[in-house]
Number of protein chains: 2
Amino acid sequence: MQALDMAGHLIRRLHQHSTQVYTARTREAGFDITSVQFAALDAIKANPGIDQAGVAALIAYDRPTIGEVINRLVSKGLVERAINDADRRARVLRLTPLGEETFARLLPIVREAQNAILGNLAPDERTAFMALARSAIPAE
Amino acid sequence: MQALDMAGHLIRRLHQHSTQVYTARTREAGFDITSVQFAALDAIKANPGIDQAGVAALIAYDRPTIGEVINRLVSKGLVERAINDADRRARVLRLTPLGEETFARLLPIVREAQNAILGNLAPDERTAFMALARSAIPAE
DNA sequence: TCAAATTGATAAGTGCACGTATCAATTCAG
DNA sequence: CTGAATTGATACGTGCACTTATCAATTTGA
């Protein structure tokens with residue numbers, strides 16, 4: 001068992017833990033919005049009129065994945081998608097009123113989940129971890 | 001854009017980066033074995049005769065996922081699966097000779113990839129990161 | 001001892017995550 | 001100005017990752 005203490009394995013375990021905490025907290029609060037969907041909502045809220053490729057670039061996903069994520073957000077009534085008249089290839093995205101309201105209610109829960117994710121670390125360790133993580137991630 | 005600097009998002013980006021480095025290195029070397037498949041091979045090599053549930057527990061996956069991973073390893077001829085006569089529910093797993101040989105050739109490449117994954121960190125930062133990651137992951 | 005609980009495996013379904021390919025729309029270069 | 005390259009979106013395929021459900025085999029406990 002050499003794999004267990006490799007960086008890649010630890011990072012995967014962290015990601016697994018992070019996802020489980022996120023899902024548990026948001027479900028408890030009555031939401032059915034995955035972390036990718038939340039990130040997409042956040043990007044669209046901050047950049048109304050952005051297109052799908054823009055969202056993908058902002059939150060570091062590939063376009064096919066984001067296309068399907070947006071599909072789910074549209075079918076949940078949280079996002080509206082329209083053809084951009086200036087560039088007819090692009091789909092202009094905006095939060096619906098329900099999307100705005102849902103995001104506002106979800107945000108504090110997601111924030112709280114972040115503390116829980118690093119709940120095994122002391123406050124100064126959390127800061128150190130976040131700084132190291134930021135450095136380790138390649139620029140783009 | 002509040003999500004970008006949240007712990008969950010940083011961890012996801014790290015995981016994405018880690019997977020990309022692993023995949024690039026192993027593909028370059030001519031292998032088609034994912035990181036989960038490698039972890040499973042490692043667990044089976046270290047514990048010949050282990051069953052699927054044992055592998056899942058060791059490397060922290062759910063049983064259905066590991067079942068499919070083992071399927072792929074069996075169809076690649078790297079693992080053999082037999083019914084355990086002592087407990088006929090269980091499938092006893094072992095590396096085939098090809099599995100042994102493949103693992104031996106793959107191991108140094110995977111090890112090298114671990115350094116590359118944390119390539120943006122200085123040596124002492126890597127140690128610190130690994131220690132914080134270990135602490136952050138829940139006990140079991 | 002035998003019904004109940006547990007355990008190992010698998011099936012079915014959802015949702016990423018990414019590579020590759022394709023198509024349409026736009027931009028750019030000669 | 002027009003053919004080539006680029007860009008936005010989508011389709012398709014693979015491989016996780018997990019939940020829930022089901023079934024069979026085993027263990028257990030009254």
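Every heavy atom of this structure was used, including side-chain atoms; hydrogens, water molecules and symmetry mates were not. Because the structure is a prediction, the values reported are computed rather than measured. Letters go in sequence order (proteins before strands), and every chain restarts at 1.
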Return the set of residues passing side-chain contact (heavy atoms from CB on, under 4.5 Å) with A:Ser35 (not counting sequence neighbours), or none when no residue passes. A:Tyr22
Can you tell me if A:Asp32 has over 12 outside heavy atoms packed within less than 6.0 Å of its CG? no
For B:Thr96, side-chain contact (heavy atoms from CB on, under 4.5 Å) partners two or more places apart: B:Glu80, B:Leu98
May I have the distance from A:Asn71 (atom CG) to D:dT10 (atom C1'), rounded to whole angstrom? 9 Å
N/O (side chain, A:Thr34) to phosphate O (OP1/OP2, C:dC16) under 4.0 Å: yes
Whole angstrom value for the distance that separates C1' of D:dG8 from CG of A:Asp85: 15 Å
Roughly, in whole Å, what's the span from CD1 in B:Ile83 to C1' in C:dT10? 13 Å
Ring centroids only, cut at 6.0 angstrom: are A:Phe38 and A:Phe103 within range, meaning strictly under it? yes
Residue set satisfying side-chain contact (heavy atoms from CB on, under 4.5 Å) with A:Arg91, at least two apart, ordered chain then number -> A:Gln52, A:Arg81, A:Ile83
Separation of D:dG13 P from B:Asp32 CG (nearest whole Å): 18 Å
All salt bridge (charged side-chain N to carboxylate O under 4.0 Å, His left out) counterparts of A:Glu68, not counting sequence neighbours: A:Arg72
Give the residues of residues 46-59 of chain B touching DNA chain D, defined as any heavy atom closer than 4.0 Å, sorted by residue number. none
side-chain hydrogen bond (donor to acceptor under 3.5 Å, both in side chains) involving B:Glu125 - partner list, sequence neighbours excluded: none
Please name all residues satisfying side-chain hydrogen bond (donor to acceptor under 3.5 Å, both in side chains) with B:Asp87, sequence neighbours left out, ordered by chain then number. B:Arg89
Start at the 5' end of DNA chain C and walk down; is the nucleotide closest to A:Arg88 or to B:Arg81 reached first? B:Arg81
Whole-Å distance, A:Asp87 CG to C:dT26 P, equals 5 Å
Find the distance B:Ile66:CD1 to D:dT19:P and express it as a whole number of Å. 14 Å
Spell out protein contact along nucleotides 17-24 of chain C as letters: B when the base is contacted, S when just the sugar-phosphate is, - when no protein heavy atom is under 4.0 Å; keep the 5' to 3' order. BBBB---B
Please state how far atom CZ in A:Arg13 lies from atom C1' in D:dA17, giving the value in whole angstrom units. 14 Å
Between A:Thr19 and D:dC18, is there a contact of a side-chain N or O with OP1 or OP2 at under 4.0 Å? no
How close or far is atom C1' of C:dG15 from atom CD1 of A:Ile70, stated in whole angstroms? 14 Å
Please name all residues satisfying side-chain contact (heavy atoms from CB on, under 4.5 Å) with A:Leu4, sequence neighbours left out, ordered by chain then number. A:Met1, A:His9, B:Ile59
